[in-house]
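A, B, ... follow the sequence lines: proteins, then strands. Residue 1 opens every chain. Side chains included, hydrogens not; waters and symmetry mates left out as well; all remaining heavy atoms used.
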There are 2 protein chains.
Amino acid sequence: MSAYKVYGDSLSGNCLKVKWTLDLVGRSYAWIETSVLKGETRSEKFLALNPAGQVPLLITPAGEPLAQSNAIILYLAEAHGGDLLPKETFARAKVYEWLFWEQYSHEPYIAVRRFQKFYLKKSDADIDPKLMEKGLAALTRMERQLRASSWIAGEEFSVADISLVAYTRAADEGGFDLNAFPSVKGWVARVEERFRQGMR
Amino acid sequence: MSAYKVYGDSLSGNCLKVKWTLDLVGRSYAWIETSVLKGETRSEKFLALNPAGQVPLLITPAGEPLAQSNAIILYLAEAHGGDLLPKETFARAKVYEWLFWEQYSHEPYIAVRRFQKFYLKKSDADIDPKLMEKGLAALTRMERQLRASSWIAGEEFSVADISLVAYTRAADEGGFDLNAFPSVKGWVARVEERFRQGMR
(Lines give C-alpha, C1' and ligand atoms only; values in the text may rest on other atoms or scores of the structure.)
Protein backbone atom coordinates (compact mmCIF):
# COMPACT_ATOMS: atom_id res chain seq x y z
CA MET A 1 0.00 0.00 0.00
CA SER A 2 1.41 3.36 -0.99
CA ALA A 3 1.71 6.21 1.48
CA TYR A 4 -0.28 9.38 2.01
CA LYS A 5 0.43 12.46 -0.06
CA VAL A 6 0.05 15.97 1.34
CA TYR A 7 -0.16 19.09 -0.80
CA GLY A 8 0.91 21.75 1.65
CA ASP A 9 2.55 25.14 2.12
CA SER A 10 5.19 25.01 4.88
CA LEU A 11 4.37 28.62 5.78
CA SER A 12 0.76 27.69 6.59
CA GLY A 13 -0.24 26.60 10.08
CA ASN A 14 -3.24 24.80 8.58
CA CYS A 15 -0.82 22.65 6.59
CA LEU A 16 1.50 22.03 9.54
CA LYS A 17 -1.45 20.55 11.48
CA VAL A 18 -1.52 17.71 8.95
CA LYS A 19 2.25 17.17 9.08
CA TRP A 20 2.28 17.03 12.90
CA THR A 21 -0.68 14.63 13.01
CA LEU A 22 0.88 12.27 10.46
CA ASP A 23 4.14 12.36 12.41
CA LEU A 24 2.31 11.63 15.69
CA VAL A 25 0.37 8.69 14.27
CA GLY A 26 3.54 7.41 12.63
CA ARG A 27 2.36 7.23 9.03
CA SER A 28 4.73 7.94 6.16
CA TYR A 29 3.80 10.55 3.57
CA ALA A 30 5.10 12.50 0.63
CA TRP A 31 4.94 16.27 1.14
CA ILE A 32 4.32 18.20 -2.07
CA GLU A 33 5.25 21.81 -1.39
CA THR A 34 2.50 24.04 -2.85
CA SER A 35 2.95 27.78 -2.42
CA VAL A 36 -0.10 29.96 -1.72
CA LEU A 37 1.90 33.16 -2.32
CA LYS A 38 3.02 31.92 -5.74
CA GLY A 39 -0.59 31.06 -6.68
CA GLU A 40 0.06 27.33 -6.91
CA THR A 41 -3.25 26.53 -5.18
CA ARG A 42 -5.07 28.27 -8.03
CA SER A 43 -3.50 26.33 -10.91
CA GLU A 44 -5.85 24.25 -13.10
CA LYS A 45 -4.06 21.10 -12.06
CA PHE A 46 -4.53 21.83 -8.37
CA LEU A 47 -8.17 22.94 -8.74
CA ALA A 48 -8.93 19.59 -10.36
CA LEU A 49 -7.80 17.93 -7.11
CA ASN A 50 -9.45 20.46 -4.77
CA PRO A 51 -12.11 22.76 -6.29
CA ALA A 52 -11.90 24.91 -3.15
CA GLY A 53 -8.36 25.90 -4.20
CA GLN A 54 -6.94 25.51 -0.71
CA VAL A 55 -4.13 23.65 0.99
CA PRO A 56 -3.72 21.40 2.87
CA LEU A 57 -5.03 18.61 0.71
CA LEU A 58 -4.53 14.99 1.74
CA ILE A 59 -4.49 12.19 -0.84
CA THR A 60 -5.15 8.85 0.82
CA PRO A 61 -3.22 5.71 -0.14
CA ALA A 62 -6.40 4.78 -2.11
CA GLY A 63 -6.02 8.02 -4.09
CA GLU A 64 -8.96 9.87 -2.57
CA PRO A 65 -8.61 13.62 -1.87
CA LEU A 66 -9.64 15.18 1.45
CA ALA A 67 -9.56 18.93 2.15
CA GLN A 68 -10.01 21.17 5.22
CA SER A 69 -7.20 20.90 7.78
CA ASN A 70 -9.43 20.06 10.74
CA ALA A 71 -11.35 17.43 8.75
CA ILE A 72 -8.04 15.85 7.75
CA ILE A 73 -6.66 15.65 11.28
CA LEU A 74 -9.98 14.28 12.60
CA TYR A 75 -9.87 11.65 9.86
CA LEU A 76 -6.27 10.69 10.64
CA ALA A 77 -7.09 10.48 14.35
CA GLU A 78 -10.03 8.16 13.64
CA ALA A 79 -8.11 6.04 11.14
CA HIS A 80 -4.79 5.73 13.01
CA GLY A 81 -4.90 8.04 15.96
CA GLY A 82 -4.70 6.02 19.11
CA ASP A 83 -5.06 8.64 21.79
CA LEU A 84 -5.55 11.78 19.67
CA LEU A 85 -9.35 11.68 20.05
CA PRO A 86 -11.30 10.75 23.20
CA LYS A 87 -13.34 7.55 22.95
CA GLU A 88 -16.29 8.85 24.99
CA THR A 89 -18.94 10.52 22.78
CA PHE A 90 -19.38 13.78 24.70
CA ALA A 91 -15.64 14.27 25.31
CA ARG A 92 -15.11 13.84 21.57
CA ALA A 93 -17.86 16.41 20.92
CA LYS A 94 -15.93 18.96 22.99
CA VAL A 95 -12.96 18.36 20.64
CA TYR A 96 -15.27 19.07 17.68
CA GLU A 97 -16.45 22.26 19.40
CA TRP A 98 -12.89 23.59 19.66
CA LEU A 99 -12.06 22.56 16.07
CA PHE A 100 -15.02 24.53 14.71
CA TRP A 101 -14.29 27.46 17.03
CA GLU A 102 -10.70 27.51 15.75
CA GLN A 103 -11.82 27.91 12.13
CA TYR A 104 -14.52 30.47 12.90
CA SER A 105 -13.21 32.59 15.77
CA HIS A 106 -9.41 32.12 15.90
CA GLU A 107 -7.86 31.44 12.48
CA PRO A 108 -9.69 34.26 10.61
CA TYR A 109 -8.11 36.79 13.00
CA ILE A 110 -4.83 35.38 14.32
CA ALA A 111 -3.71 33.65 11.13
CA VAL A 112 -4.97 36.39 8.85
CA ARG A 113 -3.28 39.19 10.83
CA ARG A 114 -0.02 37.23 10.79
CA PHE A 115 -0.31 36.69 7.03
CA GLN A 116 -0.88 40.41 6.39
CA LYS A 117 1.82 41.62 8.76
CA PHE A 118 4.53 38.97 8.38
CA TYR A 119 4.16 37.82 4.77
CA LEU A 120 2.48 40.75 3.02
CA LYS A 121 4.52 43.22 5.18
CA LYS A 122 1.53 45.50 5.77
CA SER A 123 1.95 48.21 8.38
CA ASP A 124 -0.29 48.11 11.45
CA ALA A 125 -2.19 51.14 10.16
CA ASP A 126 -3.13 49.24 7.00
CA ILE A 127 -4.54 46.22 8.85
CA ASP A 128 -8.24 46.11 9.79
CA PRO A 129 -8.30 46.80 13.57
CA LYS A 130 -10.98 44.12 13.96
CA LEU A 131 -8.25 41.48 13.45
CA MET A 132 -6.38 42.56 16.58
CA GLU A 133 -9.57 42.99 18.62
CA LYS A 134 -11.05 39.59 17.74
CA GLY A 135 -7.64 37.87 17.90
CA LEU A 136 -7.17 39.15 21.47
CA ALA A 137 -10.67 37.93 22.33
CA ALA A 138 -9.73 34.46 21.05
CA LEU A 139 -6.49 34.39 23.08
CA THR A 140 -8.39 35.60 26.16
CA ARG A 141 -10.84 32.73 25.82
CA MET A 142 -7.97 30.23 25.45
CA GLU A 143 -6.20 31.67 28.49
CA ARG A 144 -9.32 31.16 30.57
CA GLN A 145 -9.74 27.59 29.31
CA LEU A 146 -6.08 26.69 29.87
CA ARG A 147 -6.24 27.88 33.45
CA ALA A 148 -9.09 25.40 33.97
CA SER A 149 -7.79 22.36 32.07
CA SER A 150 -4.45 20.81 31.08
CA TRP A 151 -5.25 20.68 27.38
CA ILE A 152 -7.62 22.77 25.29
CA ALA A 153 -10.57 20.36 25.24
CA GLY A 154 -10.08 18.91 28.73
CA GLU A 155 -7.63 16.62 30.50
CA GLU A 156 -6.61 14.71 27.37
CA PHE A 157 -4.26 15.87 24.62
CA SER A 158 -6.17 15.74 21.32
CA VAL A 159 -6.35 17.01 17.75
CA ALA A 160 -7.92 20.18 19.21
CA ASP A 161 -4.49 21.02 20.68
CA ILE A 162 -2.81 20.32 17.34
CA SER A 163 -5.32 22.57 15.57
CA LEU A 164 -5.17 25.47 17.98
CA VAL A 165 -1.41 25.52 18.44
CA ALA A 166 -0.83 25.95 14.70
CA TYR A 167 -1.41 29.69 14.61
CA THR A 168 -1.22 30.42 18.35
CA ARG A 169 2.51 29.53 18.38
CA ALA A 170 3.10 32.08 15.60
CA ALA A 171 0.76 34.75 17.00
CA ASP A 172 3.70 37.05 17.79
CA GLU A 173 4.43 37.28 14.06
CA GLY A 174 0.94 38.78 13.79
CA GLY A 175 1.67 41.36 16.49
CA PHE A 176 0.04 39.54 19.41
CA ASP A 177 2.06 39.46 22.65
CA LEU A 178 1.78 35.99 24.18
CA ASN A 179 3.47 37.20 27.38
CA ALA A 180 0.05 38.62 28.27
CA PHE A 181 -1.34 35.06 28.13
CA PRO A 182 0.91 32.96 30.39
CA SER A 183 -1.26 29.83 30.43
CA VAL A 184 -1.45 29.88 26.64
CA LYS A 185 2.31 30.36 26.41
CA GLY A 186 2.99 27.42 28.75
CA TRP A 187 0.56 25.24 26.80
CA VAL A 188 2.28 26.09 23.47
CA ALA A 189 5.58 24.88 24.97
CA ARG A 190 3.95 21.66 26.22
CA VAL A 191 2.33 20.93 22.84
CA GLU A 192 5.63 21.55 21.03
CA GLU A 193 7.39 19.22 23.49
CA ARG A 194 4.77 16.60 22.66
CA PHE A 195 5.53 17.01 18.96
CA ARG A 196 9.25 16.52 19.67
CA GLN A 197 8.67 13.37 21.69
CA GLY A 198 6.14 11.81 19.31
CA MET A 199 3.03 10.00 20.38
CA ARG A 200 3.15 8.37 23.78
CA MET B 1 -33.58 11.23 32.31
CA SER B 2 -34.48 14.79 31.43
CA ALA B 3 -34.46 16.07 27.86
CA TYR B 4 -32.02 18.25 25.95
CA LYS B 5 -32.18 22.04 26.22
CA VAL B 6 -31.33 24.30 23.30
CA TYR B 7 -30.55 27.99 23.65
CA GLY B 8 -31.32 29.25 20.17
CA ASP B 9 -32.44 32.19 18.05
CA SER B 10 -35.18 31.12 15.60
CA LEU B 11 -33.87 33.66 13.07
CA SER B 12 -30.46 31.91 12.97
CA GLY B 13 -29.79 29.12 10.50
CA ASN B 14 -27.04 27.85 12.79
CA CYS B 15 -29.67 27.34 15.50
CA LEU B 16 -32.18 25.71 13.14
CA LYS B 17 -29.55 23.06 12.27
CA VAL B 18 -29.83 21.84 15.88
CA LYS B 19 -33.65 21.88 15.88
CA TRP B 20 -33.83 19.90 12.62
CA THR B 21 -31.30 17.34 13.81
CA LEU B 22 -33.08 16.78 17.12
CA ASP B 23 -36.37 16.41 15.23
CA LEU B 24 -34.80 13.90 12.81
CA VAL B 25 -33.28 11.78 15.56
CA GLY B 26 -36.53 11.96 17.50
CA ARG B 27 -35.24 13.39 20.78
CA SER B 28 -37.36 15.76 22.82
CA TYR B 29 -35.95 19.12 23.86
CA ALA B 30 -36.82 22.44 25.42
CA TRP B 31 -36.10 25.41 23.13
CA ILE B 32 -35.07 28.53 25.01
CA GLU B 33 -35.46 31.45 22.61
CA THR B 34 -32.35 33.64 22.91
CA SER B 35 -32.24 36.73 20.70
CA VAL B 36 -28.94 37.80 19.17
CA LEU B 37 -30.38 41.15 18.02
CA LYS B 38 -31.55 41.92 21.58
CA GLY B 39 -28.08 41.07 22.95
CA GLU B 40 -29.28 38.08 24.95
CA THR B 41 -26.20 36.05 23.96
CA ARG B 42 -24.00 38.65 25.67
CA SER B 43 -25.73 38.63 29.07
CA GLU B 44 -23.66 37.57 32.08
CA LYS B 45 -25.95 34.62 32.65
CA PHE B 46 -25.51 33.37 29.09
CA LEU B 47 -21.76 33.96 29.00
CA ALA B 48 -21.44 31.75 32.09
CA LEU B 49 -22.94 28.92 30.01
CA ASN B 50 -21.01 29.69 26.81
CA PRO B 51 -17.98 31.99 27.12
CA ALA B 52 -17.99 32.37 23.32
CA GLY B 53 -21.29 34.27 23.63
CA GLN B 54 -22.91 32.44 20.72
CA VAL B 55 -26.02 30.43 20.02
CA PRO B 56 -26.84 27.64 19.45
CA LEU B 57 -25.89 26.10 22.77
CA LEU B 58 -26.97 22.57 23.61
CA ILE B 59 -27.33 21.43 27.22
CA THR B 60 -27.24 17.64 27.43
CA PRO B 61 -29.57 15.70 29.72
CA ALA B 62 -26.52 15.37 32.03
CA GLY B 63 -26.32 19.20 32.18
CA GLU B 64 -23.19 19.59 30.04
CA PRO B 65 -23.00 22.54 27.60
CA LEU B 66 -21.88 22.09 23.98
CA ALA B 67 -21.44 24.98 21.53
CA GLN B 68 -20.77 25.35 17.77
CA SER B 69 -23.69 24.28 15.56
CA ASN B 70 -21.73 21.78 13.48
CA ALA B 71 -20.15 20.20 16.58
CA ILE B 72 -23.62 19.83 18.09
CA ILE B 73 -25.16 18.14 15.05
CA LEU B 74 -22.13 15.83 14.70
CA TYR B 75 -22.52 14.92 18.37
CA LEU B 76 -26.27 14.25 18.02
CA ALA B 77 -25.63 12.15 14.91
CA GLU B 78 -23.06 10.05 16.78
CA ALA B 79 -25.16 9.72 19.92
CA HIS B 80 -28.57 9.07 18.31
CA GLY B 81 -28.26 9.59 14.61
CA GLY B 82 -28.85 6.32 12.85
CA ASP B 83 -28.22 7.23 9.24
CA LEU B 84 -27.17 10.89 9.59
CA LEU B 85 -23.45 10.04 9.46
CA PRO B 86 -21.77 7.41 7.25
CA LYS B 87 -20.23 4.48 9.12
CA GLU B 88 -17.21 4.16 6.81
CA THR B 89 -14.26 6.26 8.02
CA PHE B 90 -13.40 8.07 4.77
CA ALA B 91 -17.05 8.75 3.85
CA ARG B 92 -17.47 10.29 7.31
CA ALA B 93 -14.36 12.39 6.74
CA LYS B 94 -15.96 13.89 3.61
CA VAL B 95 -18.88 14.96 5.83
CA TYR B 96 -16.38 16.66 8.16
CA GLU B 97 -14.79 18.39 5.15
CA TRP B 98 -18.12 19.94 4.13
CA LEU B 99 -18.95 20.93 7.72
CA PHE B 100 -15.68 22.83 8.07
CA TRP B 101 -16.04 24.33 4.58
CA GLU B 102 -19.52 25.56 5.54
CA GLN B 103 -18.22 27.48 8.54
CA TYR B 104 -15.19 28.89 6.73
CA SER B 105 -16.27 29.52 3.13
CA HIS B 106 -20.09 29.64 3.10
CA GLU B 107 -21.63 30.95 6.35
CA PRO B 108 -19.30 34.01 6.67
CA TYR B 109 -20.56 35.25 3.30
CA ILE B 110 -24.08 33.91 2.69
CA ALA B 111 -25.32 34.14 6.28
CA VAL B 112 -23.55 37.42 6.99
CA ARG B 113 -24.88 39.11 3.83
CA ARG B 114 -28.41 37.95 4.68
CA PHE B 115 -28.04 39.29 8.24
CA GLN B 116 -26.87 42.68 7.01
CA LYS B 117 -29.46 43.00 4.24
CA PHE B 118 -32.52 41.32 5.78
CA TYR B 119 -32.18 42.04 9.49
CA LEU B 120 -30.01 45.15 9.67
CA LYS B 121 -31.72 46.53 6.49
CA LYS B 122 -28.45 47.73 4.99
CA SER B 123 -28.55 48.87 1.37
CA ASP B 124 -26.48 46.94 -1.18
CA ALA B 125 -24.08 49.88 -1.45
CA ASP B 126 -23.33 49.65 2.28
CA ILE B 127 -22.48 45.94 2.19
CA ASP B 128 -18.88 44.80 1.56
CA PRO B 129 -18.86 43.56 -2.08
CA LYS B 130 -16.65 40.65 -0.97
CA LEU B 131 -19.72 39.05 0.64
CA MET B 132 -21.54 38.74 -2.72
CA GLU B 133 -18.40 37.62 -4.56
CA LYS B 134 -17.43 34.90 -2.08
CA GLY B 135 -21.06 33.87 -1.53
CA LEU B 136 -21.48 33.30 -5.27
CA ALA B 137 -18.24 31.28 -5.29
CA ALA B 138 -19.64 29.08 -2.52
CA LEU B 139 -22.93 28.52 -4.38
CA THR B 140 -21.00 27.77 -7.59
CA ARG B 141 -19.01 25.10 -5.80
CA MET B 142 -22.20 23.56 -4.35
CA GLU B 143 -23.86 23.59 -7.79
CA ARG B 144 -20.94 21.66 -9.23
CA GLN B 145 -21.00 19.15 -6.38
CA LEU B 146 -24.78 18.64 -6.57
CA ARG B 147 -24.58 17.89 -10.27
CA ALA B 148 -22.17 15.07 -9.40
CA SER B 149 -23.84 13.58 -6.29
CA SER B 150 -27.33 13.26 -4.81
CA TRP B 151 -26.42 14.83 -1.49
CA ILE B 152 -23.68 17.28 -0.61
CA ALA B 153 -21.13 14.78 0.74
CA GLY B 154 -21.97 11.90 -1.61
CA GLU B 155 -24.81 9.46 -2.13
CA GLU B 156 -25.97 9.50 1.49
CA PHE B 157 -28.02 12.19 3.22
CA SER B 158 -26.02 13.40 6.24
CA VAL B 159 -25.51 16.20 8.74
CA ALA B 160 -23.54 17.98 5.97
CA ASP B 161 -26.85 18.51 4.14
CA ILE B 162 -28.48 19.79 7.34
CA SER B 163 -25.59 22.19 7.90
CA LEU B 164 -25.40 23.55 4.36
CA VAL B 165 -29.12 23.94 3.80
CA ALA B 166 -29.48 26.22 6.81
CA TYR B 167 -28.33 29.40 5.08
CA THR B 168 -28.55 28.22 1.47
CA ARG B 169 -32.35 28.01 1.72
CA ALA B 170 -32.45 31.65 2.89
CA ALA B 171 -29.80 32.91 0.46
CA ASP B 172 -32.38 34.96 -1.48
CA GLU B 173 -32.90 37.07 1.65
CA GLY B 174 -29.22 37.96 1.28
CA GLY B 175 -29.66 38.98 -2.35
CA PHE B 176 -28.44 35.73 -3.97
CA ASP B 177 -30.60 34.39 -6.83
CA LEU B 178 -30.91 30.61 -6.45
CA ASN B 179 -32.51 30.36 -9.92
CA ALA B 180 -28.97 30.62 -11.25
CA PHE B 181 -28.13 27.41 -9.32
CA PRO B 182 -30.77 24.85 -10.36
CA SER B 183 -29.11 21.81 -8.79
CA VAL B 184 -28.75 23.67 -5.50
CA LYS B 185 -32.38 24.78 -5.67
CA GLY B 186 -33.59 21.21 -6.30
CA TRP B 187 -31.45 19.92 -3.45
CA VAL B 188 -32.88 22.53 -1.02
CA ALA B 189 -36.39 21.26 -1.88
CA ARG B 190 -35.31 17.64 -1.32
CA VAL B 191 -33.70 18.41 2.03
CA GLU B 192 -36.79 20.31 3.18
CA GLU B 193 -38.98 17.38 2.10
CA ARG B 194 -36.75 15.14 4.20
CA PHE B 195 -37.30 17.41 7.20
CA ARG B 196 -41.06 17.19 6.67
CA GLN B 197 -41.05 13.41 6.46
CA GLY B 198 -38.72 12.84 9.39
CA MET B 199 -35.90 10.32 9.47
CA ARG B 200 -36.32 7.27 7.29
Side-chain angles (χ1 to χ4, degrees), chain A residues 14 47 50-54 56-58 60-81 87-108 111 128 137-138 140-145 148 153-154 159-160 163, chain B residues 14 47 50-54 56-58 60-81 87-108 111 128 137-138 140-145 148 153-154 159-160 163:
Chain A
N14 284 327
L47 287 170
N50 182 13
Q54 293 164 333
L57 181 73
L58 181 79
T60 68
E64 295 176 295
L66 182 66
Q68 294 291 327
S69 60
N70 288 348
I72 295 170
I73 65 177
L74 257 185
Y75 165 73
L76 292 170
E78 289 194 355
H80 316 289
K87 294 201 179 10
E88 195 274 313
T89 307
F90 188 79
R92 205 164 54 236
K94 294 303 280 187
V95 171
Y96 302 157
E97 177 184 320
W98 283 101
L99 291 177
F100 284 107
W101 181 82
E102 190 263 349
Q103 283 289 288
Y104 199 80
S105 300
H106 182 286
E107 200 264 17
D128 183 348
T140 300
R141 186 168 175 222
M142 289 178 70
E143 179 70 15
R144 181 174 160 172
Q145 176 66 22
V159 286
S163 177
Chain B
N14 283 328
L47 287 170
N50 181 13
Q54 294 164 333
L57 181 72
L58 181 79
T60 68
E64 293 175 295
L66 183 65
Q68 293 291 328
S69 60
N70 289 348
I72 294 170
I73 65 178
L74 257 186
Y75 165 72
L76 291 171
E78 288 194 354
H80 315 290
K87 294 201 178 8
E88 194 274 311
T89 307
F90 188 78
R92 207 164 53 237
K94 293 304 278 188
V95 171
Y96 302 158
E97 177 184 321
W98 283 101
L99 291 177
F100 284 106
W101 182 82
E102 190 264 349
Q103 284 289 287
Y104 199 79
S105 298
H106 182 287
E107 200 265 14
D128 183 347
T140 301
R141 187 171 174 220
M142 289 178 70
E143 178 70 15
R144 181 175 161 170
Q145 175 67 23
V159 287
S163 177

message: Please enumerate all residues that pass ring-ring contact (aromatic ring centres under 6.0 Å, His included) together with B:Phe100, with sequence neighbours excluded.
response: A:Phe100

task: Sequence neighbours left out, what passes salt bridge (Lys or Arg N to Asp or Glu O under 4.0 Å) with A:Glu78? Give chain and number order.
output: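 B:Arg92.
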
- prompt: Should A:Glu97 and B:Gln68 be marked as a side chain to side chain contact (heavy atoms under 4.5 Å, CB included) after you check the CA-CA gap, both sets of side-chain angles, and the distance that decides it?
  reply: CA-CA 6 Å; A:Glu97 177 184 320; B:Gln68 293 291 328; 3.8 Å; yes

- prompt: Hey, do the aromatic rings of A:Tyr75 and B:Phe90 have their centres closer than 6.0 Å?
  reply: yes

message: Is A:Leu99 in contact with chain B via its backbone, its side chain, both, or neither, using a 4.5 Å heavy-atom distance?
response: both

Side chains of B:Tyr104 and A:Glu107, donor plus acceptor under 3.5 Å: yes

- prompt: What closest approach, in Å, do B:Ala52 and A:Arg141 show between heavy atoms, and which atom pair accounts for it?
  reply: CB-NH1, 3.7 Å

query: For the residue pair A:Leu66 and B:Ala93, what are the closest heavy atoms and their distance?
result: CD1-O, 3.6 Å

query: Based on non-hydrogen pairs under 4.5 Å, which of B:Lys94, B:Glu64, B:Gln145 is most in contact with chain A?
result: B:Glu64

query: So which part of B:Ser105 gets closer than 4.5 Å to some heavy atom of chain A, the side chain, the backbone, both or neither?
result: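 Contact with chain A is through the side chain of B:Ser105 alone.
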
